[in-house]
2 protein chains.
Amino acid sequence: MGENLPGDAVENGKKSPRTPKHWELKERLAELLRAVSPGGSLPGERALASEFGVSRTTVRKALAELTAEGRLTRVHGSGTFAGEGKLTQRLQLSSYTEDMRSHGRRPTSSLLDARIGAADPELAALLGIRSGDDVLRLRRLRRADGEPMAIETSRLPLPRFPGLDRYVGDSSLYGVLYERYGVELGHAEETIETALATPAEAALLGNEAGALMLLLSRHSFDTEGRPVEWVRSVYRGDRYKFVATLVSPNVVHSSDVSGEGGREL
Amino acid sequence: MGENLPGDAVENGKKSPRTPKHWELKERLAELLRAVSPGGSLPGERALASEFGVSRTTVRKALAELTAEGRLTRVHGSGTFAGEGKLTQRLQLSSYTEDMRSHGRRPTSSLLDARIGAADPELAALLGIRSGDDVLRLRRLRRADGEPMAIETSRLPLPRFPGLDRYVGDSSLYGVLYERYGVELGHAEETIETALATPAEAALLGNEAGALMLLLSRHSFDTEGRPVEWVRSVYRGDRYKFVATLVSPNVVHSSDVSGEGGREL
DNA sequence: GGACTTGAGTGGTTTAGACCATTGCGATTA
DNA sequence: TAATCGCAATGGTCTAAACCACTCAAGTCC
């Protein structure tokens with residue numbers, strides 16, 4: 001993160017909160033890391049510990065943060081290696097596939113499972129059906145160049161799309177919705193937040209449990225405003241970032257002054 | 001995150017990766033937490049350690065993850081308390097101020113500092129000026145109901161806005177740009193990714209160093225496509241989520257089939 | 001030659017314990 | 001009454017050490 005843009009000195013009015021050892025170590029390791037090309041390897045934890053005169057625990061804490069930031073990749077039993085930076089995905093309308101292609105990546109995605117279950121009250125409300133109605137749940141694993149990137153879980157209301165479960169898997173979900181049910185998507189609402197990987201997610205992504213993730217939820221509606229699907233995707237936070245282009249006739253240039261001399265937007 | 005939606009059993013084809021103690025403990029604590037209303041307190045680390053028969057280190061690891069997810073708040077010297085959920089901010093055009101207001105929050109923001117420095121080559125390219133030209137750097141701390149939420153660092157090209165530094169602080173930045181320089185914003189490109197808090201950021205946000213953050217960068221252009229500002233904001237990942245509404249005539253309903261039997265978007 | 005075993009080296013988990021820094025309250029004091 | 005001090009409890013940092021799980025290559029066996 002910070003990369004110490006000039007003038008970022010500590011300078012907080014009160015007390016300087018004494019930088020912990022693991023943080024100082026982290027910066028020294030980051031420096032050491034700049035001399036290593038992506039994929040290059042670092043010394044082992046034990047070696048670093050003795051070299052820098054700290055305990056292995058402290059080394060691990062520093063390495064953990066660098067890993068969470070995507071600057072390191074660690075492989076159990078093998079070693080610690082320099083990371084490769086983040087991929088990006090546009091928000092807005094483009095598809096995962098298109099987007100990866102435009103970055104010269106080879107996108108693939110595999111269906112993990114497709115099953116039918118009963119909607120709980122919350123899910124029923126989201127999908128515009130009654131509690132207990134059937135819901136089709138699809139789980140997909142998305143990859144870029146073969147590397148697992150995200151787990152996507154879609155839920156669709158079966159009462160609205162009877163037999164949908166039989167058409168899934170061999171062609172585009174949105175294609176099927178359009179051709180067999182005449183449904184076109186109109187708008188969607190997405191939220192993005194941070195999350196930590198569950199062990200199951202971590203296993204699928206080749207990740208560690210507790211790793212940083214970007215949690216993206218999408219609630220899609222058709223052109224008439226009826227809910228079509230509810231999607232929850234977890235993306236690897238160390239390998240992914242989202243991009244949105246805000247085209248806007250007039251991005252707020254008048255607005256109220258507020259607060260303590262500050263401003264908004 | 002997961003909240004164990006039905007059917008999330010481990011079931012990865014190969015080996016079950018034996019759940020670590022700290023994860024199991026985390027789930028037990030999460031359960032224990034459901035019985036506590038927001039703001040309520042939990043037993044101390046040492047008490048939990050002896051109660052569950054694990055070491056304090058393991059307890060801390062579990063608590064750290066719950067904290068990162070915003071489900072816990074920890075206060076040094078005082079105790080551990082139940083969290084209060086996340087606020088949301090729309091992407092798109094609305095302002096921080098508007099958005100907080102619409103959630104019934106009281107938004108404020110204070111100017112931390114305003115200084116002029118020389119642009120490095122990268123920043124110069126972003127702002128459409130020459131390397132070494134003057135750049136105005138504004139740092140603001142944003143709060144909701146008095147609670148620090150984000151640090152926003154804006155950078156503007158002084159050659160394009162001579163004297164801008166003298167007008168800042170007493171009124172809307174965008175208002176000044178419009179009234180004194182005739183600049184209207186046209187579009188912006190935003191990226192969202194995960195990051196970890198630096199000690200300095202943590203101190204300002206009342207956070208821990210290494211805490212989960214959402215890093216949002218905005219690159220704004222005027223109606224003629226010239227760069228106006230470059231903004232880097234770090235939001236507390238445990239207290240914030242972003243929302244985007246994707247209005248769209250036709251969100252992809254035809255597209256190519258690819259990969260291993262899976263599908264895209 | 002090919003399949004298997006073994007072991008060294010790596011990261012991952014957990015423990016027990018020490019000490020530090022902050023908080024908040026009760027007792028003491030002015 | 002009001003301010004101060006001291007102390008106990010809390011979370012934060014760090015250490016040293018043990019053990020586990022995985023990887024990979026060298027060596028062995030068939």
Side-chain angles (χ1 to χ4, degrees), chain A residues 12 14-29 40-68 71-83 196-197 199 202-203 206-211 238, chain B residues 12 14-26 28-29 40-68 72-83 196-197 199 202-203 206-211 238:
Chain A
N12 34 337
K14 308 188 173 181
K15 45 223 158 176
S16 59
R18 128 185 151 74
T19 21
K21 249 186 208 176
H22 65 81
W23 189 276
E24 186 196 345
L25 177 60
K26 178 185 171 185
E27 296 195 327
R28 296 178 69 180
L29 290 176
S41 68
L42 260 69
E45 298 178 349
R46 292 161 179 86
L48 290 172
S50 75
E51 177 177 352
F52 289 98
V54 298
S55 78
R56 200 180 147 211
T57 312
T58 304
V59 171
R60 282 184 60 76
K61 195 156 188 174
L63 290 176
E65 298 207 345
L66 289 169
T67 305
R71 305 210 255 172
L72 283 184
T73 303
R74 320 191 68 188
V75 183
H76 191 164
S78 178
T80 303
F81 310 93
L196 298 179
N207 229 355
E208 324 313 321
D238 59 339
Chain B
N12 36 335
K14 307 188 173 181
K15 45 225 159 178
S16 59
R18 127 185 151 73
T19 23
K21 250 187 206 174
H22 65 80
W23 188 275
E24 187 196 345
L25 176 61
K26 178 185 170 184
R28 296 179 67 180
L29 290 175
S41 69
L42 261 67
E45 298 178 349
R46 292 160 178 86
L48 289 171
S50 74
E51 177 177 350
F52 289 97
V54 297
S55 77
R56 201 180 145 211
T57 311
T58 304
V59 171
R60 282 184 60 77
K61 195 156 189 176
L63 291 176
E65 297 207 346
L66 289 169
T67 305
L72 282 184
T73 304
R74 320 191 67 188
V75 183
H76 192 164
S78 178
T80 303
F81 310 93
L196 298 180
N207 229 355
E208 324 313 321
D238 59 339

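So you know, we letter chains A, B, ... as the sequences are listed, proteins then strands, and number each from 1.
B:T67 and B:D238 make their closest contact through O-CB, 3.7 Å (heavy atoms, listed as atom of the first residue, atom of the second, distance).
Partners of A:S55 according to the side chain to side chain contact (heavy atoms under 4.5 Å, CB included) rule, which considers only residues two or more places apart in sequence or in another chain, are A:T57, A:T58. Listed by chain and number, the residues in a side chain to side chain contact (heavy atoms under 4.5 Å, CB included) with A:A64 amount to none (sequence neighbours excluded). Applying the side chain to side chain contact (heavy atoms under 4.5 Å, CB included) test to B:A82 and every residue at least two apart in sequence or in another chain returns B:L33, B:V36.
We find that CG of A:L48 is positioned 14 Å from P of D:dT15, with the value rounded to whole Å. Between the NZ atom of A:K26 and the P atom of D:dT13 there is a distance of 13 Å, given to the nearest Å.
Under the 4.5 Å side-chain criterion, counting only non-hydrogen atoms from C-beta, A:V59 is not in contact with A:F52.
The structure places NZ of B:K26 at 12.5 Å from OG1 of B:T19, a figure rounded to the nearest 0.5 Å. Atoms CG and OG1, from B:L42 and B:T80 in turn, are 6.5 Å apart once rounded to the nearest 0.5 Å.
Each side chain to side chain donor-acceptor pair (under 3.5 Å) pair with one or both residues in residues 42-54 of chain B, not counting sequence neighbours, appears once here: B:E45-B:R56, B:E45-B:R60, B:E45-B:R74.
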Discussion item. Across nucleotides 6-14 of chain C, 5' to 3', mark each nucleotide with B, S or - according to how protein heavy atoms within less than 4.0 Å reach it.
Written reply: ---BBBBBS

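Annotation: the terminal axes of the helix from C:dG1-D:dC30 to C:dA30-D:dT1 meet at 0°, where each axis is the rotation carrying the C1' atoms of four end pairs onto the next four (5 pairs per end, rounded to 10°).
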